[in-house]
Chemist: 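Before anything else, here's the structure in question.
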Amino acid sequence: MRNAIFRKDKFWKRQDMDAPVTTIAELGKYEGQDVMIRGWLYNLRESGKLLFPIFRDGSGLVQGVLFQKNVAPEVFDAVKHLTQESSVKVTGKVRADKRAPGGYELDVAAVEIVQRVPDNDPYPITPKEHGVDFLMEHRHLWVRSQRQASILRVRSEIEKAMHDFFDERGFIRTDPPILTPAACEGTSTLFPVEYFEEQAYLTQSGQLYIEATAMALGKVYSFGPTFRAEKSKTRRHLTEFWMVEPEVAFAELDDIMKLAEDFITFIVMRVLARRRSDLETIGRDISKLEKIDTPFPRISYDEAVKMLQEGHAKGELENRFEWGGDLGSPDETYISSKFDRPVMIHRYPTEVKAFYMEPDPENPKVALCVDVLAPEGYGEVIGGSQRMGSYEKLLARIHEHDLPEEAFKWYLDLRKFGGVPHAGFGMGIERAVAWICGLEHVRETIAFPRTLNRMYP
RNA sequence: UCCUCAGUAGCUCAAUGGCAGAGCAUCCGGCUGUUAACCGGAGGGUUGUAGGUUCGAGUCCUACCUGAGGAGCCA
């Protein structure tokens, strides 16, 4: 009712005509001028004849000011009873004020309510604290909060940086299939899907396919969603996550280790350059990111085992680590805690790694592979390797791992028709975003996370 | 799959085995510079579900459900 009456008011229409539309982030360019911003009511404080509505528009926050005697009674009344997250078009004069967050205020002259949140069914996410379960249930609204919006901006910047990095180096993006006939690595649990009369699976990695496109185009990369049906319930796991995977013909292990450290450093520098204010909103300790630079320390698996055993002897690790196993989460945290930049651990035992990895010619018990561990306990963000080159050895591996030979016929062909040494790696975007933003949990790094117990919203 | 913890108002949480409460949110009133504003008032409950012990259960016991984060596995 209030809304309907107000929409017909001539006052705001007249103001509206000459006020340019802008965003909150750009308000500084319009100091002293009338502008219109379009957004949502973030919060409202009042003090008698004085109102302080805070608006957000996706680019930032601005505080509006209304003195009762200075504005039309309909405008004052409309703002006074405006509900949180109602959508609005606001017209007013931009004024610099030290008391305002962001440095600028808007002297509100007119407000058009686009859609009013009902009084009896208010916006559920208040400026007060909420629990994880409640926020996840309202993820479609939670993304409007400043912190979540900043995280999504950083994620976008990381993805953009990633594309720029590979493009500048002559990589071609090739998109692998998401529906696949069989396991890529034969280890992880896959999501089965009905494919007409056949069984198919959602991809757990595009790697095998981009090995093929690398033989066509030389340097390629892929970026897309991957799926793991593992029943993992930790802050580092999603069932659906996005992975970027470069693959390079004629590259060996050392080449992709260099590529990996350049890649990570490039991304961190880009985020620091372009999304610093978002990192500040998130509360990230930026000095930790500023230390990231090449070269990253390179530690062989053998050396890592030695570190872990010494750590156990000093009482810093609960369990004694024995040569031959894969590093557990506490082991990775321990090793990465000794450095202030990402650590590269290379040459793991062949037995704990995927079937397609090339054994080290100097010690066939270990594979030419590398894991990159992010600092501050964020764990593995990159896994890569040099791929097995020999047709015969690869075929033997496929048999050893009980994989269906028929399904890998095309993959074996790559070793038959002009096989070359080649290598690549995969980086989980969510873990990289979590580390760069300093988040507790990867579920905040993607707009709509898919976890073991959650498909909604 | 295993281990641990938690489910009470829309939200965040209290309540020794003895009357189910507070703050925030919502609505009403007050306040001309507020910063998660503040002050006063009102409405708001199948204490996750099903059993059991007890004169009496939000509280103790059993099972189940849901969620959380740790292991394993992985990026």
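Sequence lines set the chain letters: A, B, ... in the order given, protein chains first and strands last, and positions in each chain run from 1. Worth saying up front: this structure is predicted, and the values here are computed from it rather than measured.
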Chemist: Looking for any heavy atom pair under 4.0 Å, which part of the strands does A:H441 touch: base, sugar-phosphate only, or nothing?
Modeler: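 If one applies the 4.0 Å heavy-atom cut-off, A:H441 turns out to touch the sugar-phosphate alone, with no base involved.
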Chemist: Could you note down all residue pairs passing side chain to side chain donor-acceptor pair (under 3.5 Å) where residues 425-435 of chain A supplies at least one of them, sequence neighbours left out?
Modeler: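 Those involving residues 425-435 of chain A are A:R155-A:E430.
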Chemist: Using a heavy-atom cut-off of under 4.0 Å over every strand shown, decide if A:E46 touches base, sugar-phosphate, or nothing.
Modeler: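 The answer is base, as A:E46 lies within the cut-off (heavy atoms under 4.0 Å) of a base atom.
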Chemist: If only side-chain N and O atoms count, and only distance matters, is there a donor-acceptor pair under 3.5 Å linking A:Q386 with A:H422?
Modeler: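 Their side chains do not contain a donor-acceptor pair, so the 3.5 Å distance test is not met.
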Chemist: Within the structure shown, what part of the strands sits under 4.0 Å from A:D326 by heavy-atom distance: base, sugar-phosphate, or nothing?
Modeler: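 Sugar-phosphate, no base atom in range.
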Chemist: Once pairs are restricted to Watson-Crick or G-U wobble with both distances under 3.5 Å, how does RNA chain B read as a dot-bracket string, [ ] for crossings and | for other-strand pairs?
Modeler: (((((((..((((....[..)))).(((((.......))))).....(((((..]....))))))))))))....
Chemist: Choose from B:A37, B:A68, B:A75 the nucleotide whose nearest atom is closest to any side-chain atom of A:F241.
Modeler: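 When the side chain of A:F241 is considered, B:A75 is the closest of B:A37, B:A68, B:A75.
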Chemist: Mind checking side-chain hydrogen bond (donor to acceptor under 3.5 Å, both in side chains) for A:Q84 and listing every partner two or more places apart, or none if nothing turns up?
Modeler: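 Residues passing side-chain hydrogen bond (donor to acceptor under 3.5 Å, both in side chains) with A:Q84: none at all.
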Chemist: Taking side-chain hydrogen bond (donor to acceptor under 3.5 Å, both in side chains) as the test, write out the residues that go with A:E303, two or more places apart.
Modeler: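 With sequence neighbours excluded, A:E303 shows a side-chain hydrogen bond (donor to acceptor under 3.5 Å, both in side chains) to A:S300, given in chain and number order.
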Chemist: Quick one: which of B:A37, B:A75, B:C27 gets closest to the side chain of A:T83?
Modeler: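 Closest nucleotide to the A:T83 side chain: B:C27.
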Chemist: Kindly write out the residues that satisfy side-chain hydrogen bond (donor to acceptor under 3.5 Å, both in side chains) with A:E400, not counting sequence neighbours, or none if the list is empty.
Modeler: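 Result, side-chain hydrogen bond (donor to acceptor under 3.5 Å, both in side chains) vs A:E400: none returned.
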Chemist: For A:T234, what residues pass the side-chain hydrogen bond (donor to acceptor under 3.5 Å, both in side chains) criterion, not counting sequence neighbours?
Modeler: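 Residues passing side-chain hydrogen bond (donor to acceptor under 3.5 Å, both in side chains) with A:T234: A:H237.
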Chemist: Taking distance alone, no hydrogens or angles, what donor-acceptor pairs closer than 3.5 Å link side-chain atoms of residues 120-131 of chain A to residues at least two apart or in another chain?
Modeler:
{"from": "A:Y123", "atom 1": "OH", "to": "A:L141", "atom 2": "O", "distance (Å)": "3.0"}
{"from": "A:T126", "atom 1": "OG1", "to": "A:K128", "atom 2": "N", "distance (Å)": "3.2"}
{"from": "A:T126", "atom 1": "OG1", "to": "A:H130", "atom 2": "NE2", "distance (Å)": "3.2"}
{"from": "A:H130", "atom 1": "NE2", "to": "A:T126", "atom 2": "N", "distance (Å)": "3.0"}
{"from": "A:H130", "atom 1": "NE2", "to": "A:T126", "atom 2": "O", "distance (Å)": "3.2"}
{"from": "A:H130", "atom 1": "NE2", "to": "A:K128", "atom 2": "O", "distance (Å)": "3.4"}

Chemist: When the distance from CG of A:L190 to C1' of B:A75 is rounded to whole Å, what number comes out?
Modeler: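 One finds 15 Å between C1' of B:A75 and CG of A:L190, rounded.
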Chemist: If you look at every strand shown and take non-hydrogen atoms under 4.0 Å, does A:N43 touch a base, only sugar-phosphate, or nothing?
Modeler: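 Sugar-phosphate contact only - A:N43 comes under 4.0 Å of backbone atoms but never of a base.
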Chemist: Check whether NZ of the Lys or CZ of the Arg A:R173 lies under 6.0 Å from the centre of the six-membered ring of A:F171 and within 45 degrees of that ring's axis.
Modeler: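 Cation-pi check for A:R173 and A:F171: fails.
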Chemist: Scan for side chain to side chain donor-acceptor pair (under 3.5 Å) pairs involving residues 446-457 of chain A, sequence neighbours excluded, and state none if there are none.
Modeler: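 For residues 446-457 of chain A: A:D133-A:R454, A:E137-A:R454.
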Chemist: Hey, does the side chain of A:R236 come within less than 4.0 Å of B:G72's phosphate (OP1/OP2), counting only N and O?
Modeler: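 No, A:R236 has no side-chain N/O under 4.0 Å of OP1/OP2 on B:G72.
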Chemist: Enumerate the protein-to-nucleotides 5-11 of chain B contacts in which both atoms are nitrogen or oxygen and the separation is below 3.5 Å.
Modeler:
{"from": "B:C11", "atom 1": "O2'", "to": "A:E129", "atom 2": "O", "distance (Å)": "3.3"}
{"from": "B:C11", "atom 1": "O2'", "to": "A:H130", "atom 2": "ND1", "distance (Å)": "2.6"}

Chemist: From the list B:A71, B:A37, B:C73, which nucleotide is the closest neighbour of the side chain of A:S329?
Modeler: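 Looking only at side-chain atoms, A:S329 lies closest to B:A71.
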Chemist: Look at A:R228 and B:G72 and indicate whether a side-chain polar atom (N or O) is within less than 4.0 Å of OP1 or OP2.
Modeler: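 It does not, given that no N or O in the side chain of A:R228 lies less than 4.0 Å from OP1 or OP2 of B:G72.
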